[in-house]
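Reviewing the structure listed below.
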Amino acid sequence: MFQWHRSAEVWYAYLADVDNLDDLVQDRSRFGESKWFTRGWTLQELVAPTNVIFLSRGRVTLGTRAELADHIARRTGIPRQILEGNATVGSMSVASKMAWASGRVTTRPEDLAYCLLGLFDVHMPLLYGEGEEKAFMRLQAEILKISEDETILAWRAEKHEAASKPYWGLLATSPRPFRGSHDVVRPQFKARIGFRVDQPRAPHLHSSSSLPRR
């Protein structure tokens, strides 16, 4: 799905809860408050295409993604350089991309993980019924297979979340704990994968032909 959106030269986003251009000019918060910016699957519609044109309820053009970049960035936390096409999604850290999804919702709980597959360029079976947490854990496992980006660990649970679950692992259970990770960047060093063991050399053995004769 992400690649399909990426191949589109122009993508039209229909905002059924934004009236017209006058509303946008007079009160830009109406544009930002659109439910379109809260849905999980619309995240890839926003960042993948080359160009996005926003339409109002009356099908009036509100502007392009680049023209509205400042307002969209404030609403979503997505950097302007992504919205203006001056940087790629792949150049952003795992934590920052998770943060983009931290305030979004989906009808099916598993889709909160599935809608991010293309964003991280990973593939896995869609198993509806497994639940949000299992789906998100599988997503992170797939990311770890192809990425050395340690920012996948840059998340923090809120107090009420921590209180509801006594034991936590290294990985988050949903995108929500990444809500404060928009500005997390990739480390400037590469992590070393694996380890090295130096074994002592075996003593040199002489063959019978090389031994001195009496």
Side-chain angles (χ1 to χ4, degrees), residues 1-6 8 11 13 15 28-29 31-54 63-124 132-133 135-144 146-147 149-158 161 171-187:
M1 185 72 75
F2 188 88
Q3 295 300 328
W4 185 60
H5 288 110
R6 177 174 286 174
W11 187 267
L15 309 187
R28 285 183 175 270
S29 66
F31 173 76
E33 290 174 356
S34 173
K35 289 184 179 179
W36 193 87
F37 292 105
T38 68
R39 305 300 302 174
W41 286 106
T42 58
L43 176 56
Q44 59 184 346
E45 296 179 24
L46 177 60
V47 300
T50 302
N51 185 25
V52 179
I53 297 177
F54 293 93
T64 67
R65 182 184 62 196
E67 292 170 344
L68 300 168
D70 282 338
H71 193 65
I72 297 173
R74 287 194 299 270
R75 174 63 180 83
T76 64
I78 300 173
R80 277 192 56 178
Q81 58 264 36
I82 295 291
L83 300 171
E84 293 174 341
N86 296 323
T88 64
V89 171
S91 67
M92 305 304 294
S93 71
V94 169
S96 63
K97 288 186 284 188
M98 290 293 191
W100 302 348
S102 61
R104 293 177 179 260
V105 295
T106 55
T107 302
R108 293 182 175 183
E110 297 88 354
D111 279 339
L112 200 55
Y114 300 161
C115 71
L116 302 178
L117 289 172
L119 205 64
F120 293 101
D121 196 22
V122 296
H123 305 274
M124 69 182 194
E132 176 185 315
E133 182 173 338
F136 193 68
M137 296 297 283
R138 285 202 299 124
L139 169 66
Q140 293 174 99
E142 293 300 320
I143 294 172
L144 288 171
I146 64 168
S147 173
D149 188 343
E150 296 173 346
T151 67
I152 196 171
L153 306 177
W155 57 273
R156 178 181 179 182
E158 297 292 339
E161 294 171 331
L171 301 179
T173 56
S174 80
R176 285 181 286 277
F178 288 94
R179 61 177 66 86
S181 302
H182 286 90
D183 298 326
V184 175
V185 298
R186 288 179 176 177

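As the structure is a prediction and not an experimental result, all values here were calculated from the model.
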Please find the pair of heavy atoms, one from [X] and one from [Y], that lie closest to each other, and give the distance.
X: Glu132; Y: Ser174; answer: OE2-CB, 3.0 Å
X: Met92; Y: Arg186; answer: O-NH2, 3.5 Å
X: Val52; Y: Ala13; answer: CG1-CB, 4.1 Å
X: Ser181; Y: Ala154; answer: OG-O, 2.7 Å
X: Ser91; Y: Ala87; answer: OG-CB, 4.1 Å
X: Val89; Y: Trp100; answer: CG1-CZ3, 4.4 Å

Just by modelled atom types, is the [Y] backbone N or O under 3.5 Å from a matching donor or acceptor in the [X] side chain?
X: Arg104; Y: Arg39; value: yes
X: Arg75; Y: Gly32; value: yes
X: Ser34; Y: Phe37; value: no
X: Thr42; Y: Glu45; value: no

For side-chain contact (heavy atoms from CB on, under 4.5 Å), just list the numbers for Val94 and Phe178, CA-CA rounded to whole Å, side-chain angles, deciding distance to a tenth of an Å, and then say yes or no.
-> CA-CA 10 Å; Val94 169; Phe178 288 94; 5.6 Å; no

Does the side-chain contact (heavy atoms from CB on, under 4.5 Å) test come out yes or no for His123 and Leu117, once each step is laid out?
-> CA-CA 6 Å; His123 305 274; Leu117 289 172; over 6 Å; no

Distance, nearest 0.5 Å, that separates [atom1] of [X] from [atom2] of [Y]:
X: Asp121; Y: Ile143; atom1: CG; atom2: CD1; result: 10.5 Å
X: Ile72; Y: Arg65; atom1: CD1; atom2: CZ; result: 8.0 Å
X: Thr50; Y: Trp11; atom1: OG1; atom2: CH2; result: 12.0 Å
X: Leu144; Y: Glu150; atom1: CG; atom2: CD; result: 10.5 Å
X: Leu139; Y: Met124; atom1: CG; atom2: CE; result: 5.0 Å
X: Cys115; Y: Glu110; atom1: SG; atom2: CD; result: 12.0 Å

Take Leu43 and Thr76 through the test side-chain contact (heavy atoms from CB on, under 4.5 Å) and record every step on the way to the result.
-> CA-CA 9 Å; Leu43 176 56; Thr76 64; over 6 Å; no

Enclosure of Asp183 CG (heavy-atom neighbours >12, cutoff 6.0 Å) | no

Of Thr106, Leu116, Val105, the residue whose pairing with Asp111 passes side-chain contact (heavy atoms from CB on, under 4.5 Å) = Thr106

Would you check, one step at a time, whether the test side-chain contact (heavy atoms from CB on, under 4.5 Å) holds for Met98 with Phe136?
-> CA-CA 11 Å; Met98 290 293 191; Phe136 193 68; 3.6 Å; yes

Tell me, do Thr151 and Pro187 make a side-chain contact under 4.5 Å, heavy atoms counted?
-> yes

Taking C-beta and beyond as the side chain, do Tyr114 and Arg138 meet within less than 4.5 Å on heavy atoms?
-> yes

Can you say whether the rings of Phe54 and Phe31 are parallel (under 30°), tilted (30 to 60°) or perpendicular (over 60°)?
-> perpendicular

